[in-house]
Amino acid sequence: MATPLSDTPLSPLKTVAVVGLGTMGTGIAEVLVRAGRDVIGIDISEAAAAQAVATLEASTARAVRREHLSDAERTDALARFRTFTDLAAAADADLVIEVTPESYDIKQQVFRALDGIVRPEAILATGTNALSVTRLAADSARPERVLGLHFFNPAPAMKLVEVVSSVLTAPTAVTAVTDLAVELGKEPVAVGDRPGFVADGLLFGYLNQAAAMYEAKYASREDIDAAMKLGCGLPMGPLALLDLIGVDTARTVLEAMYSESRDRLHAPAPILKQLSEAGLTGRKSGRGFYSYEAPGSDAVVRDALTPLEGAVLAQGRTIRSVGVAGSGTMASGIAEVFAKAGYEVVLAARTEEKAQAAKARIGKSLARSVDKGRMTAEAAAQTLELITPTGSYDDFADVDLALEAVAEDLEVKQQLFGTFDKVCKPGAILATTTSSLPVVACARATSRPQDVIGMHFFNPAPAMKLVEVVRTVLTADDVHATVREVCAKIRKHPVDCGDRAGFIVNALLFPYLNNAIKMVQEHYASLDDIDAAMKLGGGYPMGPFELLDVVGLDVSLAIEKVLHREFRDPGLAPAPLLEHLVAAGCLGRKTGRGFREYARR
């Protein structure tokens, strides 16, 4: 009788078999051979095995050219990689990593065959990101040695590795592969067994919502992708990312997630099924949400849905002067943006003193730009001269565009729009920077709702390139056209969206943040592991809890409530943990404590 794995000291994981030599399997093999491991590459296709060797030769040659490897190190690495078409080659492996297609039938066949091939102490790892590790382990003769080892694509570049334990996994097996991941230069995160684990569990819900948003014709694919890149600092937009991952793969992951969670946010958007069944699976087929130069190419080509560059929407209105209402960070930032673009700006606040203080804040911001060499002292002085502070909205009488950036309170905004209606000249455009309130409710507070539009800037306004342009059912075509022209003149990227809660960015961002909170609430993973997973595995500039503490938990809760109220989806209900922290006054960085504690300044 074999000694139980949990009682046996594990041998060093020096020889690793990789079963499945597609893109991911080949990438994992490269990581291993470059770290000094002997790798047995196995694939039933001789062509796939040959392609893996060619890929490894090409990638290590690039590494030599970039001086990341010496010629001798490359030669040694290539010598450590041998390929086979028979699973029997895994007999001497200390660790087997299977990276076969996301199918229980295929993976179970592999694991059953390995039971009769590998040594009793060998560890079996699945690279799945969608299937149950527990289910795969339960079918194995030695379930205690089975776990998940989820690398991210491209494996040589991505630092994150999720180490997935089932209730059957021996702790010694977890320790061994975790140590290996560290030796490979990766950052391992320990997670439990549920579809998507941490990174994909959060990522695919967000991607699914983006697909549904596009399918509903709420916004164009280009605007959805631009909004998430420019508004959140993401390396890729969600629809382009779905094409990269594979629309069929995304659908498989979401089906697995939905089968367990029954959360409507995970129910695959119908368009994913339609594209998959039509063979439009993304880059690999040459067409998905976008069209590509050829199958496997990353070069997007024009198709019937590509917007015409320079198309004139309508004849716009002339904008020479702008009124900005408010005295906070957003108002002063927007005033600075318009003044830098050469517009005359009237900056109005409730008192002359508040308006002067806002102008002084702009002066300090311009001085920082001068210190960093971004503008000359003369240009900064000229920009500041274009801003006229005032304590009276009567001074908006001659502006061509009046824009409010006051408190996110509908009653306050409606009162202000009533004032705009009285003081602004006929033909002036009236805009709100709201991020969560209905623009049409502001429009109805005036006698000219056709002149009202949303211009949602992002904080800090001088640095962030995105503006969500929100037209209501009443907004005139020339108003919409004018605002898009103005965005170009102030060097911002406009994206069009309709007047519904969250617009593009917040409607996609905050359910993702809420789901991260639920993971912590359910003790599935720690704050640090979730933040690390999304930064390392998803390329996010900040982890969800870092971002929540920066945005403010009270602001986040308010937006979650608006989304839940509008869409009435149970999956959008704010996580109780978020509500408890807000009730306790733990609002994030601004109070010194949110999900984490901060040193008070």
Side-chain angles (χ1 to χ4, degrees), residues 12-45 48-60 62-63 68-69 74 76-85 87 89-90 92-102 106-107 110-111 114 118 122-131 133 136 146-164 173-174 176-189 191 197 199-200 244-246 249 533 536-537:
L13 305 179
K14 292 180 179 177
T15 301
V16 183
V18 177
V19 180
L21 295 175
T23 303
M24 180 60 82
T26 303
I28 294 170
E30 179 179 344
V31 172
L32 289 162
V33 294
R34 288 181 61 172
R37 271 24 185 215
D38 291 320
V39 177
I40 300 160
I42 303 171
D43 199 293
I44 56 173
S45 164
Q51 181 58 50
V53 172
T55 299
L56 205 57
E57 288 174 345
S59 61
T60 52
R62 281 195 302 274
H68 296 158
L69 274 182
R74 176 177 183 254
D76 288 346
L78 292 174
R80 286 193 290 271
F81 184 53
R82 294 169 294 149
T83 61
F84 302 86
T85 56
L87 274 178
D92 294 328
D94 304 308
L95 166 67
V96 181
I97 305 172
E98 74 75 22
V99 205
T100 59
E102 289 291 280
I106 294 172
K107 292 183 186 293
V110 170
F111 275 90
L114 287 170
V118 299
I123 297 171
L124 304 181
T126 172
T128 184
N129 67 339
L131 306 180
V133 175
L136 293 172
V146 178
L147 44 68
L149 200 54
H150 180 212
F151 287 78
F152 288 74
N153 204 13
M158 300 296 278
K159 289 290 187 184
L160 180 67
V161 174
E162 290 177 319
V163 179
V164 189
V174 175
V177 296
T178 301
D179 290 346
L180 173 65
V182 172
E183 289 168 23
L184 296 176
K186 302 299 182 184
E187 297 200 28
V189 169
V191 296
F197 313 129
D200 287 351
L244 175 62
I245 291 167
T249 301
L536 299 171

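Inter-residue side-chain proximity for Leu149 and Val163 is flagged as met; some heavy-atom pair is nearer than 4.5 Å. Annotation: side chain of Thr126 is not in contact with side chain of Leu131 (no heavy-atom distance under 4.5 Å). Counting heavy atoms from C-beta outward, Phe197 and His150 have side chains that approach closer than 4.5 Å. Side-chain contact check for Leu21 versus Gln51: every heavy-atom pair is 4.5 Å or farther apart. Annotation: side chain of Asp43 is not in contact with side chain of Thr83 (no heavy-atom distance under 4.5 Å). Between Ile97 and Val16, some side-chain heavy-atom pair lies under the 4.5 Å cut-off. Residues His68 and Arg62 have side chains not in contact (no heavy-atom distance under 4.5 Å, counting atoms from C-beta outward). Residues Leu180 and Leu95 meet the side-chain proximity criterion, which asks for heavy atoms closer than 4.5 Å.
Note that CD of Glu30 is 11.5 Å distant from CD1 of Ile28, once rounded to the nearest 0.5 Å. Atom CZ of residue Phe111 and atom CG of residue Leu136 lie 5.5 Å apart, to the nearest 0.5 angstrom. Note that CD of Glu98 is 11.5 Å distant from CD1 of Ile42, once rounded to the nearest 0.5 Å.
Without hydrogens or angle criteria, Ser59 side chain to Leu56 main chain gives a donor-acceptor distance under 3.5 Å. A donor-acceptor contact shorter than 3.5 Å links the side chain of Asp94 to the backbone of Thr15.
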Would Glu102 and Thr128 satisfy side chain to side chain donor-acceptor pair (under 3.5 Å), going step by step from the backbone distance to the final call? CA-CA 7 Å; Glu102 289 291 280; Thr128 184; 2.8 Å; yes

Taking it one step at a time, do Leu69 and Arg34 satisfy side-chain contact (heavy atoms from CB on, under 4.5 Å)? CA-CA 9 Å; Leu69 274 182; Arg34 288 181 61 172; 3.9 Å; yes

Working note: Lys14 + Asp38, criterion side-chain contact (heavy atoms from CB on, under 4.5 Å); need CA distance, chi angles, decisive distance, verdict. CA-CA 6 Å; Lys14 292 180 179 177; Asp38 291 320; 5.7 Å; no

Run the side-chain contact (heavy atoms from CB on, under 4.5 Å) check on Arg82 and Ile40 step by step: do they pass? CA-CA 5 Å; Arg82 294 169 294 149; Ile40 300 160; 3.8 Å; yes

Given Met158 and Phe151, is the side-chain contact (heavy atoms from CB on, under 4.5 Å) satisfied, shown in steps? CA-CA 8 Å; Met158 300 296 278; Phe151 287 78; over 6 Å; no

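Taking all atoms of both residues into account, the shortest heavy-atom contact from Val31 to Lys186 is CG1-CE, 4.0 Å. A pairwise comparison of heavy atoms in Ala77 and Val33 identifies O-CB, 3.5 Å as the closest pair. Nearest heavy atoms, Gly537 versus Phe152: O-CD2, 3.8 Å. Residues Ala176 and Leu13 come closest through the heavy atom pair O-CD1, 3.7 Å. Residues Thr178 and Pro188 approach most closely at CG2-CG, 3.8 Å, considering heavy atoms. Heavy-atom minimum distance, Ala93 versus Val96: CB-CG2, 4.1 Å.
Taking a 6.0 Å sphere around CD1 of Ile106, one finds it holds more than 12 heavy atoms contributed by other residues, nucleotides or ligands. More than 12 non-hydrogen atoms from other residues, nucleotides or ligands lie less than 6.0 angstrom from CG of Asp76.
Applying side-chain contact (heavy atoms from CB on, under 4.5 Å) to Leu147 and the options Val164, Leu124, Val174 leaves one that passes, Val174.
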